[in-house]
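Computation of the quantities below employed the complete heavy-atom set of this structure, encompassing side-chain atoms and omitting hydrogens, waters and symmetry-equivalent molecules.
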Amino acid sequence: MGRVNDSSRSRRRMTGAERREQLIQIGRALFAEKGFDGTSVEEIAASAKVSKPVVYEHFGGKEGIYAVVIDREMQRLLTLVTQALSASHALVKLERAALALLQYIEESSEGFRILVRDSHAASGTGTFASLISDIASQVEDVLADEFKERGYDPNLAPMYAQMLVGMTALTGQWWLDVRKPRREEVAAHLVNLSWNGLTGLDPNPQLTAATRGLVLAPPADARTARPTERELKESEKARERELKEQEKAQREQEKLQRDQEKLQRDQEKARERELKEQEKTRERELKEQQKKLQREQEKAQRDQEKARERELKEQEKTRERELKEQEKVQRDQERLQRDQEKARERQARRAAKGGPQQGDADSA
């Protein structure tokens, strides 16, 4: 039963703030490993086991996460350096400032890698160069006071501040990978060169007792700290983007509904056209059938007339043959009659010539 409860807790849905912090930490690790350009929204979403739209909802893209990470890291480092420069003696300030940078590098290696690796436009003014410039401005005030006390031109303090901070920052970049010697020893050598100069180098430099063993208090953990102004702006932008996305989704839904209604109207019109076409087709077919029937009837009528004509002709021919036959019979009868008359005439002539005997003999 306990395992079920633990599993349920592990699957508890994150709050918006928890999800936002998770994405920031994942983005920070990926930016440190691959840089801004080498990191994609897909990787961040996959590492957080969320979809890409979740990242866009909270930050609008990797640029938003990167801006928050840069802002936090700069704030963390500036807080440490500001603490270091609060000491009263100039030498102690210098020692603590160098130690503050090395402590930040040691405790926040990923953050330092991000600061020195990228100067991407997504970070706005939050670049390592601008950070070094901010620190140099604070060191400039310290050097100006020292220059006045020693009779140097205080107008040269800004240039020397850039030299001093630049030397320390580049040494920190080198120490980021080698990590030898220890940070206090590196800080002692930095101060040895900057404070004593090449001609007065101490062969065995040591930090003063006021600095030795000092660990500056880091700023509050990002997960419990109040949101920075940039984070608040990014959160506001995220809400605005979310509202715009919702409005866009609503407009798209309305457009989809209008498209569906239009499609439905088009389908109805298409059905009406189809019905009209079918009706026209039926009318054409009916007309064709009527025409065909009429043609067949006319043809049958013509055939009947031709048959009657043929029949009449046959009848006429038959009558003509019959008339000819009758005429022939009549001629034959007339010829027979003439022959009979001729025979009687001959008989009469014979009778007249030969007397009765001859008539008797003829009769016999």
Side-chain angles (χ1 to χ4, degrees), residues 40-42 45-46 49-57 60-61 241-364:
S40 65
V41 174
E42 288 82 355
K49 297 181 180 179
V50 297
S51 62
K52 286 168 58 179
V54 173
V55 179
Y56 290 120
E57 177 184 349
R241 284 193 298 269
E242 185 177 359
L243 288 175
K244 287 181 180 178
E245 289 296 329
Q246 290 176 351
E247 292 174 357
K248 181 181 177 183
Q250 185 175 358
R251 288 195 300 271
E252 290 178 349
Q253 187 174 4
E254 292 173 353
K255 181 178 181 296
L256 178 61
Q257 185 175 358
R258 289 195 299 272
D259 292 342
Q260 289 176 342
E261 292 174 354
K262 182 177 181 297
L263 178 61
Q264 187 175 1
R265 290 194 299 271
D266 292 341
Q267 289 176 342
E268 290 176 355
K269 289 180 179 178
R271 283 195 294 271
E272 290 177 0
R273 286 195 299 270
E274 185 178 359
L275 290 173
K276 288 180 180 179
E277 289 297 327
Q278 290 177 352
E279 184 65 24
K280 288 181 179 179
T281 301
R282 284 195 294 270
E283 289 177 359
R284 284 195 300 269
E285 290 176 350
L286 181 60
K287 287 180 180 179
E288 289 295 329
Q289 289 175 355
Q290 289 175 346
K291 288 180 180 180
K292 183 179 178 181
L293 180 61
Q294 186 176 357
R295 288 194 298 269
E296 290 176 350
Q297 288 175 346
E298 291 174 352
K299 183 177 180 297
Q301 187 176 357
R302 288 194 300 271
D303 292 341
Q304 288 174 353
E305 290 176 355
K306 288 179 180 180
R308 282 195 296 271
E309 289 176 359
R310 286 193 300 270
E311 185 178 357
L312 291 173
K313 287 179 180 180
E314 291 294 330
Q315 290 175 355
E316 184 66 24
K317 288 179 180 180
T318 301
R319 281 195 297 271
E320 289 177 356
R321 284 194 300 270
E322 288 177 350
L323 287 173
K324 288 179 180 180
E325 291 292 332
Q326 289 174 359
E327 290 175 356
K328 183 180 177 184
V329 170
Q330 186 176 359
R331 285 194 303 270
D332 289 343
Q333 286 176 352
E334 290 175 352
R335 191 171 56 250
L336 178 60
Q337 186 176 359
R338 285 193 300 271
D339 290 341
Q340 287 174 352
E341 288 176 356
K342 287 177 179 181
R344 280 191 299 269
E345 288 176 358
R346 284 193 303 268
Q347 186 176 9
R349 283 193 301 266
R350 290 190 191 104
K353 289 179 180 183
Q357 295 83 358
Q358 185 67 35
D360 293 338
D362 290 335
S363 297

### Message
Using the side-chain contact (heavy atoms from CB on, under 4.5 Å) criterion, which residues pair with Asp332? Sequence neighbours excluded.
### Response
Lys328, Arg335

### Message
Within the 4.5 Å heavy-atom criterion, are Arg251 and Lys248 side-chain neighbours or not?
### Response
yes

### Rounded distance [0.5 Å steps], CD in Gln330 versus CD in Glu327
7.5 Å

## Note on the structure
For Arg273 and Asp266 the tightest heavy-atom approach is NH2-O, 4.5 Å

### Arg302 side, atom CZ; Arg295 side, atom CZ - distance, nearest 0.5 Å
10.5 Å

## Note on the structure
Distance col, row Lys342:NZ vs Leu336:CG, nearest 0.5 angstrom, shows 12.0 Å

### Message
So, using salt bridge (charged side-chain N to carboxylate O under 4.0 Å, His left out) as the criterion, who are the partners of Lys292 when residues are at least two apart?
### Response
none

### Qualifying salt bridge (charged side-chain N to carboxylate O under 4.0 Å, His left out) pairs, either residue in residues 275-287, two or more places apart
Glu279-Arg282

### Query
What distance separates Gln257 CD from Glu254 CD, expressed to the nearest 0.5 Å?
7.5 Å

### Message
Can you tell me how far apart OG1 (Thr318) and CG (Leu323) are? Round to the nearest 0.5 Å.
### Response
11.0 Å

### Query
To the nearest 0.5 Å, how far apart are CD in Gln340 and CD in Gln337?
7.0 Å

### Task
Dump the intermediate steps for side-chain contact (heavy atoms from CB on, under 4.5 Å) on Gln326 and Val329, then the final yes or no.
CA-CA 5 Å; Gln326 289 174 359; Val329 170; 5.6 Å; no

